[in-house]
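Okay, structure first, notes after.
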Amino acid sequence: MALVSVSEKLALEGGTPVRDTAKKPWPTWPRNTREEWEDRIEPALRKVYLQTVEGLPAPRGEAFGQALAAYCDARYGILMPHGTDAISAAVAGALDLDGLGDAGEIIIPNYTFIATASAPLSTRCSLALVDINPVCFTLHPKAVEAAITSQTVGILPVHIGGHPADMDGLNAIADRHNLVVIEDCAQAHGAEHKGRKVGPLGHVGAYSFQSSKNLTSGEGGCIVTNNREIRDRAYAFKDVGRRPGGERWEYPRHGWNYRTSEYTAALLLQRLPGLEAQTRIRNENAAYLSKALERIEGITPPRHQPWVTRHGCHLYMMLYDPEAFGGRTRDAFVKALQAEGIPSTPGYKRPLTDEGALKTVSQQYPHLVRRLPCPNVEFVCNHSVWLYQSMLLGTQKDMDDIVDAIAKIKQR
């Protein structure tokens, strides 16, 4: 780290920022290069174009689904247009739903992106939103156990920021109560729970390839599972009721159309092999950053629970204590950090049940949304500060800039 002068003004007050992002930009995402385009991406897309197979029978879509499944040590994978659709298909496959009848209640964390809620709602499930582990921000097994009723049919843990949820604890609860477990892996590409990739640790998992994700095609999703029946039902949900390998004009089940473009699959097939190396770099830089930040009172770096053998590092999620920074509010701290050239965000600023969308749903359809006490969610919403995964693809000197900026704000 560079030394920070106590007399140095904050950038917000007219001082020189720690990092001039015009001269020293952060790594972009995705990390596209002309060389990669010419050598790999353009030939792959050209091949789709010239072969005139841009959709069905989707050989590349099938190939990518199986490639991601193999990466996750799962038997089956199904490419979807979006991560939200992947969760919907996973729920439908796990619970044998057609999206028409009332399906029972699914327990989800109250600290997550809206898709974790909207996807089950789209399959006619109701929701119970519960508290999180205050250390790693994932679904708390004790909160899940307390929320179970006769209407409960499933548990939907989120591997938030790339930190795997307590799958042993959640699976044990599911086994006792005969519930399905659907993993939201949208932020957890490459994450491992006791040496196993997330996704097939419950009954089925759902990934996202939206533009910010650690593996991206702009938009996209995929489910992975070891259960053939779940695969078949999810496939039918995606492909207008068809069964895998079935006839084009037969529809054994009611289904919808969530088929994907072969261009999406071709892009993902080129990018998947780079995920392992990128995940390693993110973890190395996150570990270096955490060690440095431990010396700054008022900042709590991400803490990994014992079952985490590898973090997905989609987000670097730290906690901020205003009192240690002279009463500077969390939001004011984030603004100061941004002014110093460090991209950052408070993340989720309120429980999901307090956001406009789900709040409106709960008011209009009170039987669909049930909120349980969430003191840990409320605390984290008021104290969290997030850094982005693309920043972790930089160098140790880049991490030093983050530390220097925080130290500078602390001294002021």
Side-chain angles (χ1 to χ4, degrees), residues 1-31 137 160-163 187 211-214 278 281-304 311-350 379-412:
M1 284 190 300
L3 295 177
V4 178
S5 171
V6 176
S7 62
E8 189 174 349
K9 286 185 179 181
L10 295 180
L12 278 176
E13 299 169 350
T16 302
V18 167
R19 187 181 182 102
D20 183 343
T21 55
K23 297 179 180 178
K24 192 179 178 183
W26 289 96
T28 58
W29 187 254
R31 303 184 76 177
F137 318 143
I160 190 78
H163 189 294
Q187 299 180 359
S211 56
S212 72
K213 299 304 188 291
N214 295 25
Q278 292 167 353
I281 293 169
R282 292 186 183 101
N283 273 270
E284 290 171 353
N285 279 324
Y288 177 87
L289 179 59
S290 291
K291 185 175 181 180
L293 289 177
E294 286 174 356
R295 300 195 294 266
I296 300 180
E297 182 184 0
I299 297 294
T300 302
R303 292 175 288 174
H304 300 179
H311 200 288
C313 289
H314 176 64
L315 296 167
Y316 186 90
M317 305 169 75
M318 52 189 171
L319 292 176
Y320 169 79
D321 180 4
E323 292 186 7
F325 281 71
R328 188 188 302 270
T329 68
R330 187 272 312 275
D331 290 353
F333 170 76
V334 170
K335 288 182 180 179
L337 199 56
Q338 292 170 343
E340 297 297 338
I342 311 301
S344 53
T345 175
Y348 307 133
K349 298 182 70 172
R350 57 193 63 83
F379 179 85
V380 172
C381 284
N382 290 323
H383 294 82
S384 64
V385 178
W386 297 357
L387 306 177
Y388 304 104
Q389 58 91 1
S390 55
M391 300 167 70
L392 297 176
L393 291 173
T395 65
Q396 288 188 356
K397 289 185 178 180
D398 292 327
M399 302 304 104
D400 289 341
D401 283 349
I402 298 171
V403 179
D404 286 345
I406 293 175
K408 178 181 177 182
I409 297 167
K410 177 72 181 290
Q411 292 177 0
R412 298 297 298 173

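Computed from a predicted model, the values in this text were never measured in an experiment. Side chains included, hydrogens not; waters and symmetry mates left out as well; all remaining heavy atoms used.
Between A286 and C313, the shortest heavy-atom contact is CB-SG, 4.0 Å. Considering all non-hydrogen atoms of both residues, R282 and W29 come closest at NH2-CH2, 3.4 Å. Contact between N283 and H311 at its shortest, heavy atoms only, is ND2-O, 2.8 Å. Nearest approach of T16 to K408, heavy atoms of both residues: O-NZ, 2.8 Å. Taking every heavy atom of both residues into account, G394 and I281 meet most closely at O-CG2, 4.4 Å.
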Exercise. Would W26 and L393 count as a side-chain contact (heavy atoms from CB on, under 4.5 Å) if you check the C-alpha gap in whole Å, the side-chain angles of each, and the deciding distance to 0.1 Å?
Worked result: CA-CA 9 Å; W26 289 96; L393 291 173; over 6 Å; no

Exercise. How far apart are the C-alpha atoms of E340 and R19, what are their side-chain angles, what is the distance that settles it, and do they pass the salt bridge (charged side-chain N to carboxylate O under 4.0 Å, His left out) test?
Worked result: CA-CA 6 Å; E340 297 297 338; R19 187 181 182 102; over 6 Å; no

For this session: Using the side-chain contact (heavy atoms from CB on, under 4.5 Å) rule, take F333 and I406 through it: C-alpha gap first, then chi angles, then the decisive distance, then the call.
Result: CA-CA 9 Å; F333 170 76; I406 293 175; 4.0 Å; yes

Exercise. What's the verdict on salt bridge (charged side-chain N to carboxylate O under 4.0 Å, His left out) for E13 and R412, showing C-alpha distance, side-chain angles and the deciding distance?
Worked result: CA-CA 11 Å; E13 299 169 350; R412 298 297 298 173; 3.7 Å; yes

For this session: Would you check, one step at a time, whether the test side-chain contact (heavy atoms from CB on, under 4.5 Å) holds for L319 with H383?
Result: CA-CA 5 Å; L319 292 176; H383 294 82; 4.2 Å; yes

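Atom OG1 in T345 sits 10.0 Å away from atom CG in L387 (nearest 0.5 Å). Rounding to the nearest 0.5 Å places NE2 of H163 at 10.5 Å from CE of M317. Atom OG1 of residue T21 and atom NZ of residue K24 lie 11.0 Å apart, to the nearest 0.5 angstrom. To the nearest 0.5 Å, atoms CD1 (I160) and CD (Q187) are separated by 4.5 Å. Here the OG-CD distance, from S344 to Q338, works out to 4.5 Å after rounding to the nearest 0.5 Å. Between F137 atom CZ and S384 atom OG the span is 7.0 Å, to the nearest 0.5 Å.
Side-chain N or O atoms of T395 include one that pairs as donor or acceptor with a backbone N or O of D398 at under 3.5 Å.
Side chains of H314 and N214: a donor-acceptor N/O pair is present below 3.5 angstrom, by distance only. Counted by atom type alone, S290 and Y316 present one or more donor-acceptor pairs between their side chains at under 3.5 Å. D400 and Y288 share a donor-acceptor pair across their side chains, judged by distance under 3.5 Å alone.
Considering only heavy atoms from C-beta on, M391 comes within 4.5 Å of I402 through its side chain. Side-chain contact between M318 and V385 is present, with at least one heavy-atom pair separated by less than 4.5 Å. Inter-residue side-chain proximity for P346 and W386 is flagged as unmet; no heavy-atom pair is nearer than 4.5 Å. L293 has its side chain within reach of V403: a pair of non-hydrogen atoms, C-beta onward, lies under 4.5 Å apart.
Counting heavy-atom neighbours within 6.0 Å of E294 CD, excluding the residue itself, gives a total above 12. Residue K410 places its NZ atom among more than 12 non-hydrogen atoms of other residues, nucleotides or ligands, all under 6.0 Å distant.
The salt bridge (Lys or Arg N to Asp or Glu O under 4.0 Å) analysis of residues 314-332, with sequence neighbours excluded, yields the pairs D331-K349.
A search for salt bridge (Lys or Arg N to Asp or Glu O under 4.0 Å) contacts involving R303 returns nothing, not counting sequence neighbours.
The aromatic rings of Y320 and F325 sit tilted, their planes meeting at an angle between 30° and 60°.
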